[in-house]
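Chain letters run A, B, ... following the sequence lines, proteins first and then strands; every chain starts at 1.
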2 protein chains.
Amino acid sequence: MTSAPLNIAETSDNTAANAHRDDGRSAAEFTSPGQEGATSGEEGVRPRKRGAELEEAIRCACVAELAESGYGGLTIESVAARAQTGKASIYRRWPTKQELVLDSLTSMMSGPVMRLADRTYDDTMTTRDALLELLSEVSEFMLGPEGDAMRSMMGESLRDETFTLSFRCDFFDPRKQAVLDILQRGIRRGEVRTTALDDVVPEMIGGLFIHRILLLRQRPTRPELERILDGFIMPAIRA
Amino acid sequence: MTSAPLNIAETSDNTAANAHRDDGRSAAEFTSPGQEGATSGEEGVRPRKRGAELEEAIRCACVAELAESGYGGLTIESVAARAQTGKASIYRRWPTKQELVLDSLTSMMSGPVMRLADRTYDDTMTTRDALLELLSEVSEFMLGPEGDAMRSMMGESLRDETFTLSFRCDFFDPRKQAVLDILQRGIRRGEVRTTALDDVVPEMIGGLFIHRILLLRQRPTRPELERILDGFIMPAIRA
DNA sequence: CCGATAGGGAACGGATGCGTTCCCTATCGT
DNA sequence: ACGATAGGGAACGCATCCGTTCCCTATCGG
């Protein structure tokens with residue numbers, strides 16, 4: 001069945017095969033190496049990525065597609081096009097679309113999250129200011145394409161245990177712990193009452209952000225963050 | 001490159017079993033009217049729905065499918081199968097999948113939401129108890145299939161303006177207003193400080209619920225709701 | 001400079017779902 | 001009871017996309 005591995009060969013030997021490619025841009029770049037500066041500008045040459053560099057470009061393209069088109073709208077072809085590679089190179093690394101998406105998200109989240117979880121604050125900083133800084137960083141992260149990607153995956157995680165787990169372990173839990181650490185520190189400093197060390201606090205703060213940023217897409221300004229902190233969060237946890 | 005064995009419920013896969021399950025069962029029901037009692041029980045006759053009754057069954061099936069399979073996984077065929085009707089009857093009423101989904105969600109949300117927005121509380125009720133009652137009702141709603149359906153749509157609403165608007169107008173805004181009304185009432189009663197009448201309060205409460213119920217799928221017990229109210233929300237808004 | 005390796009592009013077979021159409025049948029009005 | 005209307009089931013054409021395969025070529029190591 002379909003053992004004949006030819007029929008591409010007959011169109012390949014001629015230069016016309018390259019001539020009718022989709023836009024002709026890359027054809028000009030590759031078939032006339034001495035001309036690329038004149039036809040498409042100085043930046044026309046696209047070095048072919050390999051190895052880890054290519055993998056990173058694919059993961060990055062995957063998150064970007066997720067942010068723009070959502071999980072349902074993401075196709076391997078669109079990721080390949082954005083990463084300027086071919087489908088084959090993707091399938092060589094990830095067996096399915098699902099694994100590609102999960103791996104891209106996980107590697108995306110491990111960076112910023114790690115930074116936040118291991119954050120320490122020197123003794124001159126009040127609990128309020130530590131929270132303010134944490135909130136600023138988190139909101140900055142969530143307003144970027146990564147935030148959109150996360151939002152796109154929230155619905156999907158309902159039906160996929162792996163996603164749900166990854167979300168909790170890689171995103172929610174570290175952030176929750178970061179808030180709890182600040183609370184604990186605040187208790188030691190006498191700024192926070194002991195009964196405020198409760199999962200509800202990080203969940204309330206996190207929920208506010210999910211609501212504001214992910215659902216309403218409003219960027220909280222720093223004065224507004226301060227207003228929220230001073231007006232509602234600090235009164236709720238103060239000693 | 002992850003080698004983790006994951007099994008992501010891709011928006012299409014395991015619905016295949018439902019897709020062509022229609023061979024035989026319904027045929028038995030319809031082609032042997034004298035036998036239905038023997039083959040599938042006394043209730044074997046399925047009266048053919050028409051008009052408004054059928055429309056409601058389709059909307060209901062649509063929300064249920066949304067809750068189970070998500071927007072990407074929902075197909076007109078699956079809705080038709082669940083509503084025990086045919087695709088043609090659906091397309092006779094809604095031109096596209098999007099309109100069906102939007103209409104189903106809207107009609108689903110208008111019921112409970114209306115009830116909450118117009119809610120009044122008699123004078124014996126404290127602000128705290130009014131909030132408690134509102135929170136109980138909302139959490140009950142969100143824990144049902146409607147909540148799952150909403151969660152499935154959150155990602156999609158990122159890319160569809162109509163969905164976003166419908167969510168805000170039909171769901172978030174009425175709930176926000178219900179909370180604001182209770183706050184306003186609490187200010188009149190002297191239980192709530194005037195500066196607490198702020199969008200942040202309903203957003204914080206709503207966010208907590210989104211986080212807890214929609215993302216973590218934890219059902220808050222009544223004692224826990226009271227703990228949250230007494231421990232954190234009331235301190236944040238008290239006069 | 002040259003062979004080995006990995007990347008890019010394009011086609012494929014297959015599956016799935018949309019939206020349509022056709023035909024038969026149940027239900028309703030009269 | 002009987003015709004008109006609306007519902008149910010199944011196929012169709014069409015499009016998309018998955019995952020694979022093939023061939024050619026850029027890049028790298030020696």
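- Below 30°, between 30° and 60°, or above 60°: for B:Phe167 and B:Phe172 the angle between ring planes is between 30° and 60°, a tilted geometry.
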> Passes side-chain contact (heavy atoms from CB on, under 4.5 Å), B:Arg151 versus A:Met154? Steps please.
Replying inline: CA-CA 7 Å; B:Arg151 174 170 160 177; A:Met154 287 193 306; 5.5 Å; no

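- Distance, B:Leu100 CG to C:dG19 C1': 13 Å, rounded to whole Å.
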>> Between B:Leu74 and B:Cys62, is the side-chain contact (heavy atoms from CB on, under 4.5 Å) condition met? List the steps.
In response: CA-CA 8 Å; B:Leu74 176 146; B:Cys62 179; 4.0 Å; yes

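- Residue-level contact check: A:Ala88 touches the bases, meaning some heavy atom is under 4.0 Å from a base atom.
- Cation-pi geometry between A:Arg175 and A:Phe141 is satisfied (NZ or CZ under 6.0 Å from the ring centre, within 45° of the ring normal).
- A salt bridge links A:Arg219 to A:Glu140: one of the charged nitrogens lies within less than 4.0 Å of a carboxylate oxygen.
- In this structure, a donor-acceptor pair under 3.5 Å is absent between the side chains of B:Thr75 and B:Glu77.
- Atoms CZ (B:Arg82) and P (D:dG8) sit 16 Å apart, rounded to a whole Å.
- Rounded to whole angstrom, the span from the CD atom of A:Glu99 across to the P atom of D:dC18 amounts to 15 Å.
- The CD1 atom of B:Ile76 sits 11 Å away from the P atom of C:dT20 (whole-angstrom rounding).
- Residues A:Gln177 and A:Asp173 have side chains that never bring a donor and an acceptor to within less than 3.5 angstrom of each other.
- With A:Tyr71 as the aromatic partner, A:Lys97 meets the cation-pi criteria of under 6.0 angstrom to the ring centre and within 45 degrees of the ring axis.
- In this model, the phosphate group of C:dG19 is approached by a side-chain N or O of B:Tyr91 to a distance below 4.0 Å at OP1 or OP2.
- The base of C:dG19 is paired with the side chain of B:Lys87 by a donor and an acceptor separated by under 3.5 Å.
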>> With salt bridge (charged side-chain N to carboxylate O under 4.0 Å, His left out) as the criterion, how do A:Arg92 and A:Glu55 come out once you've worked through the C-alpha distance, each side chain's angles and the decisive distance to 0.1 Å?
In response: CA-CA 11 Å; A:Arg92 242 170 250 137; A:Glu55 274 185 33; over 6 Å; no

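- Within the 4.0 angstrom heavy-atom criterion, no nucleotide atom of any strand lies near A:Ile58.
- In the helix from C:dC1-D:dG30 to C:dT30-D:dA1, the terminal helix axes, each the rotation mapping four pairs' C1' atoms onto the next four within five end pairs, subtend 30°, rounded to 10°.
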Hey, what are the protein-to-nucleotides 2-7 of chain D N/O distances that come in under 3.5 Å?
residue	atom	partner	partner atom	Å
D:dA6	O4'	B:Arg50	NH2	3.0
D:dG7	OP1	B:Gly51	N	3.1
D:dG7	OP1	B:Arg93	NH2	2.6
D:dG7	N3	B:Arg48	NH1	3.2

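- Atom CD of A:Glu77 and atom C1' of D:dT16 are 9 Å apart (whole Å).
- Rounded to whole Å, the distance from CD on B:Glu65 to P on C:dG17 is 11 Å.
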